[in-house]
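First comes the structure, then the notes that go with it.
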Amino acid sequence: MSDTLRQAEILRRAVNAPVLRVRDLAAEFGVHDMTIRRDFDALAEQGLMERVRGGARLRERMSEELSHQLRASRHTAAKSAIARAALGLIGPGDTIAFDASTTALHLVRMLAGHDVSAIVSSLDAANTLAAAGVDFVLVGGAFHAPARSFTGVLFEDVMARLHPDKVFFSTRGFHAVLGLTDSHLPEVGAKRAMLRSGATAIALIDSSKFGRRALATIASLTELDIVITDAMPAEADLAALEAADIRLIVAED
C-alpha cells in the first residue's frame, strides 16, 4: 500500500475512533511503527490530525467534515433509487423543502425541468438549483461549515413563516420507539423547523438507518406521513410504521 492510500485509510478509520494507536495500525498494515508515526506527522502537518501520546486523532472540525464526506459517498445507489421514488411524489406547482442531507441532495439534482419551487438550507442544493434554473429560496442562519448548510434561531424563525407543500428530509437513525434521530443538534433544530412548517413530511431513509438511534429526536413517528427506503424494513419497524399510519414506499433499483 502506498503512503497516500495508507494515509487515506487512516483518516477513514479516524472518523469513527477517538484515538488511533501507532502499534495497532502498524500491526494491521504490516509496517514498522516508524512508518505510522511518519503518516501521523504528515497528516498533522496538513492540519488533519493532531498527535497524542502513543497515537493521533482527528482535529475536531476535520472529524465533522470527513464524516459528512463519507456519508455523501456511502449508499449512493440506494440514495439514487430513493430519490427517483420521491420524485414521483412531486407535482407541478409544488413548493418543496429539502434538508441538507446527502439523500435529499440526490433528489434536488433531479428537479431540472420540473415546474416547482424549492426551499433549501444547503449551499450545495442552492448551487444545484441555480444551475438547473429551478426557482428556490435559500434560508439563511448560522453557517454549519461541515454540512455547508444553515441552522440556528434565524433559520428557524424564517422557516416558521414559510409553508411548503412537502418536506423531504433524512436522518441518522429510525427507531421504532425514539422516532427519527440525528446527532448534530443545530441540524436537528433546522429539520424540526422544516417539518413544522410543511404540510406533508417525507423521510428519505436508506435501509442502513433502520434500528439505529442518534443523539436527539427530530420527529416522532406520528409526525411523519411517508417513508421512502430502498429495502423492506424488519418486522418490528414495519409494525411501528403501520401503527403510526405512515405510508411506506420501497424504491426499486
Side-chain angles (χ1 to χ4, degrees), residues 12 15-16 63-89 96-110 121-122 124-125 144 146-149 151 166-195 198 200-253:
R12 189 188 69 79
V15 171
N16 298 312
S63 178
E64 291 185 344
E65 290 176 354
L66 286 170
S67 178
H68 179 72
Q69 292 170 15
L70 285 172
R71 290 198 305 274
S73 65
R74 289 175 178 162
H75 310 295
T76 54
K79 291 173 182 178
S80 293
I82 290 168
R84 287 193 298 271
L87 189 63
L89 300 178
I96 317 151
F98 300 92
D99 75 348
S101 66
T102 58
T103 309
L105 184 58
H106 277 257
L107 177 55
V108 168
R109 290 170 177 158
M110 297 178 180
S121 62
S122 155
D124 292 333
H144 179 218
R148 293 171 53 79
S149 65
T151 65
K166 300 177 178 77
V167 177
F168 292 93
F169 73 107
S170 190
T171 73
R172 292 287 186 90
F174 175 102
H175 192 276
V177 176
L178 301 178
L180 304 178
T181 60
D182 213 309
S183 57
H184 187 261
L185 293 180
E187 289 288 352
V188 169
K191 291 172 192 278
R192 286 190 59 80
M194 276 194 167
L195 291 176
T200 303
I202 304 168
L204 311 176
I205 308 173
D206 70 70
S207 54
S208 70
K209 308 291 180 62
F210 283 96
R212 293 177 57 184
R213 52 191 274 178
L215 176 63
T217 296
I218 299 166
S220 66
L221 297 188
T222 57
E223 296 175 87
L224 283 180
D225 297 293
I226 302 171
V227 167
I228 306 177
T229 187
D230 61 303
M232 190 63 69
E235 288 297 328
D237 295 320
L238 282 173
L241 289 166
E242 184 176 353
D245 196 26
I246 296 169
R247 177 185 174 190
L248 174 66
I249 299 174
V250 179
E252 298 180 357
D253 293 336

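Residue numbers count from 1 along this sequence. This structure is a prediction, so every number in the text was calculated from the model and none was measured.
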### Task
Using atom types as modelled and distance alone, determine if a side-chain donor or acceptor of Lys209 lies under 3.5 Å from a backbone N or O of Thr171.
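Yes: the side chain of Lys209 pairs with the backbone of Thr171.
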
### Exam field: side chain Arg192 to backbone Ile218, donor-acceptor pair closer than 3.5 Å
yes

With sequence neighbours left out, what residues match [X] under side chain to side chain donor-acceptor pair (under 3.5 Å)?
| X | value |
| --- | --- |
| Asp230 | Ser207 |
| Ser220 | Thr222, Glu223 |
| Ser149 | Glu187 |
| Asp182 | none |

### Query
Do other residues, nucleotides or ligands put more than 12 heavy atoms under 6.0 Å from Arg84 CZ?
yes

What's the shortest heavy-atom distance between [X] and [Y], and which atoms?
| X | Y | value |
| --- | --- | --- |
| Arg212 | Thr181 | O-OG1, 4.3 Å |
| His144 | Thr151 | CB-CG2, 4.4 Å |
| His106 | Thr102 | CD2-O, 3.1 Å |
| Ala201 | Asp225 | N-OD2, 2.8 Å |
| Ala176 | Leu221 | O-CD1, 3.7 Å |
| Thr229 | Ala231 | CG2-O, 3.2 Å |

[Y] side chain reached by [X] side chain, heavy atoms, under 4.5 Å:
| X | Y | value |
| --- | --- | --- |
| Thr200 | Leu89 | no |
| Pro233 | Leu248 | yes |
| Leu107 | Ile96 | no |
| Ser183 | Arg172 | yes |

Which distance, rounded to the nearest 0.5 Å, do you find between the [atom1] of [X] and the [atom2] of [Y]?
| X | Y | atom1 | atom2 | value |
| --- | --- | --- | --- | --- |
| Lys191 | His184 | NZ | NE2 | 11.0 Å |
| Ile246 | Leu224 | CD1 | CG | 4.5 Å |
| Leu180 | His175 | CG | NE2 | 11.5 Å |

### Task
Hey, could you give me each pair passing ring-ring contact (aromatic ring centres under 6.0 Å, His included) that has a residue in residues 200-234? Not counting sequence neighbours.
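Qualifying pairs, neighbours excluded: Phe174-Phe210.
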
### Task
For residues 225-253, pull every pair meeting ring-ring contact (aromatic ring centres under 6.0 Å, His included), keeping only residues two or more places apart or in separate chains.
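Sorted pair list comes back empty.
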
Those residues that, when tested against [X], pass side chain to side chain contact (heavy atoms under 4.5 Å, CB included) (two or more places apart):
| X | result |
| --- | --- |
| Leu185 | Leu215, Ala216 |
| Ala239 | none |
| Thr103 | Lys79, Ile82, Ser101, Ser170, Leu204 |

### Task
Please determine which of Leu195, Ile205, Ile202 meets the side chain to side chain contact (heavy atoms under 4.5 Å, CB included) test together with Phe169.
Leu195

### Task
Evaluate the criterion side-chain hydrogen bond (donor to acceptor under 3.5 Å, both in side chains) for residue pair Ser208 and Asp206; output intermediate values, then yes/no.
CA-CA 6 Å; Ser208 70; Asp206 70 70; 2.3 Å; yes

### Query
Phe168: what forms a ring pair (Phe, Tyr, Trp, His ring centres under 6.0 Å) with it, not counting sequence neighbours?
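Phe168: ring pair (Phe, Tyr, Trp, His ring centres under 6.0 Å) contacts with Phe98.
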
